[in-house]
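Report on one structure; see the data block that follows.
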Amino acid sequence: MAVIHRTTMSPGKLELLAAWMPSKPWYRGGDVPLLAKAGGFRLDDPEGEVGIEFMVVTDTSGDSPVTYQVPMTYRGAPLASAADGLIGTSEHGVLGRRWIYDGAHDVVLVEQLLALLAGRTTAQDQNASDTPDPTVEVLTEGAGVPQGLTGPGAVAETADASLVTVGPSAQDGPVSTLTLCRVLRPGPAPEDDGAAGRVLAGWSAPDGAREHGPFARLAAFGR
């Protein structure tokens, strides 16, 4: 179970993201993002070592507001396999220095997101310890999400999403694509698009209205 500490981080998460996001192909704002937290949820690391957060931020630096999903992990030491996904480091008021990664590159976040899609774990409230978030919706189709998947393999960035290659832990079976939506749009999940599973969640629009839409999609294997 993740413990939410009421403390400080220096630099803060939004400060780190404002420096990192403009380098990404899915970023659509101005040279200097104007970010505000807009929602999100957490997952638990079974080993209790890695913080996992799916943060939603809205940027108002461009011609119109854009809302992004940034999945992040918080670690007590560098992770060599995720070097390409390092967002930055921050001093946590309780835990000390934390290495903060883009979760698309972190094995713990990817595998726990796959566990969520497979029904083996539960989304947690972003701001409270040991509190499930019932607003996070998991949808499956057909045979559902296979057990024993692992990742990340290759990570590709598009204008809207990050595409993460995942596959069986034995590494001798077919692979699939886990899509992490970066630019969030409200609305229902598309139907009959070859998905094995999807995650939908909510966030707050700039005017305070509640929005809800797709966060992640796992393509069906063999399609």
Side-chain angles (χ1 to χ4, degrees), residues 20-21 23-28 40-43 45-46 50 52-57 66-73 79-87 101-123 136-201 203 212-223:
W20 174 78
M21 287 174 59
S23 67
K24 299 301 167 183
W26 38 262
Y27 178 69
R28 304 179 179 195
F41 63 94
R42 290 180 178 263
L43 294 176
D45 170 18
V50 180
I52 304 172
E53 180 176 15
F54 293 77
M55 178 178 278
V56 179
V57 295
V66 181
T67 300
Y68 301 94
Q69 175 193 191
V70 186
M72 293 187 287
T73 57
L79 178 64
S81 64
D84 290 344
L86 181 67
I87 295 173
Y101 290 94
D102 174 16
H105 295 263
D106 193 311
V107 60
V108 172
L109 182 142
V110 170
E111 292 187 354
Q112 288 310 113
L113 180 56
L114 292 168
L116 177 68
L117 283 160
R120 294 186 287 108
T121 192
T122 302
V136 177
E137 185 179 8
V138 178
L139 305 176
T140 57
E141 293 184 5
V145 175
Q147 303 292 320
L149 299 181
T150 189
V155 179
E157 306 282 2
T158 74
D160 297 290
S162 294
L163 309 179
V164 183
T165 301
V166 298
S169 56
Q171 298 183 346
D172 59 358
V175 298
S176 188
T177 299
L178 177 64
T179 299
L180 291 163
C181 304
R182 296 296 195 163
V183 178
L184 294 181
R185 299 180 177 90
E191 296 182 357
D192 300 324
D193 65 346
R198 303 181 182 83
V199 176
L200 292 85
W203 66 91
H212 194 264
F215 273 49
R217 171 188 181 275
L218 179 67
F221 282 71
R223 294 191 59 175

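What you are looking at is a predicted structure, and each value in this text was computed from that prediction instead of being measured.
- Taking CG from L218 and OG1 from T140, the interatomic distance works out to 11.0 Å, rounded to the nearest 0.5 Å.
- Between V107 and V110, every side-chain heavy-atom pair lies at or beyond the 4.5 Å cut-off.
- Under the side chain to side chain donor-acceptor pair (under 3.5 Å) criterion, T67 pairs with T58, sequence neighbours left out.
- When all heavy atoms of A123 and L116 are compared, the closest pair comes out as N-CD1, 3.7 Å.
- A donor-acceptor contact shorter than 3.5 Å links the side chain of R28 to the backbone of A159.
- Nearest heavy atoms, P214 versus G187: CD-O, 3.5 Å.
- Every residue meeting the side chain to side chain donor-acceptor pair (under 3.5 Å) condition with D106, not counting sequence neighbours, appears here in chain and number order: T73, R75.
- In terms of heavy-atom proximity, L180 sits nearest to P71 at CD1-CG, 4.2 Å.
- Residues passing the side-chain contact (heavy atoms from CB on, under 4.5 Å) test with P46, sequence neighbours excluded: Q112.
- The shortest non-hydrogen separation linking V136 to V199 is CG1-CG1, 3.8 Å.
- Separation of atoms CG (L149) and CG (L117) is listed at 9.5 Å; rounding is to 0.5 Å.
- For P190, the side-chain contact (heavy atoms from CB on, under 4.5 Å) test picks out D193, R198, with sequence neighbours left out.
- With a 4.5 Å cut-off on side-chain heavy atoms, W20 and L86 do not count as touching.
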Original post:
Between Y68 and V183, is a side-chain contact (heavy atoms from CB on, under 4.5 Å) present by the stated rule, with each step listed?
Top reply: CA-CA 5 Å; Y68 301 94; V183 178; 4.1 Å; yes
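- Residues passing the side-chain contact (heavy atoms from CB on, under 4.5 Å) test with T177 are L163, T179, sequence neighbours excluded.
- Listed by chain and number, the residues in a side-chain contact (heavy atoms from CB on, under 4.5 Å) with E157 are P25, W26, D102, H105, V155, S162, R182 (sequence neighbours excluded).
- Under the 4.5 Å side-chain criterion, counting only non-hydrogen atoms from C-beta, L113 is in contact with F54.
- The two residues M21 and V70 make their nearest non-hydrogen contact at SD-CG2, 4.4 Å.
- Below 30°, between 30° and 60°, or above 60°: for F215 and W203 the angle between ring planes is between 30° and 60°, a tilted geometry.
- Contact record, A219 with S176: O-OG, 2.5 Å, taken as the closest heavy-atom pair.
- Atom-to-atom distance recorded for L200:CG and L184:CG is 10.5 Å, nearest 0.5 angstrom.
- Distance check, rounded to the nearest 0.5 Å: OH of Y101 to CG of D84 gives 10.5 Å.
- Legend: residues meeting salt bridge (Lys or Arg N to Asp or Glu O under 4.0 Å) with E53, ordered by chain and number and at least two apart, are K13, R42.
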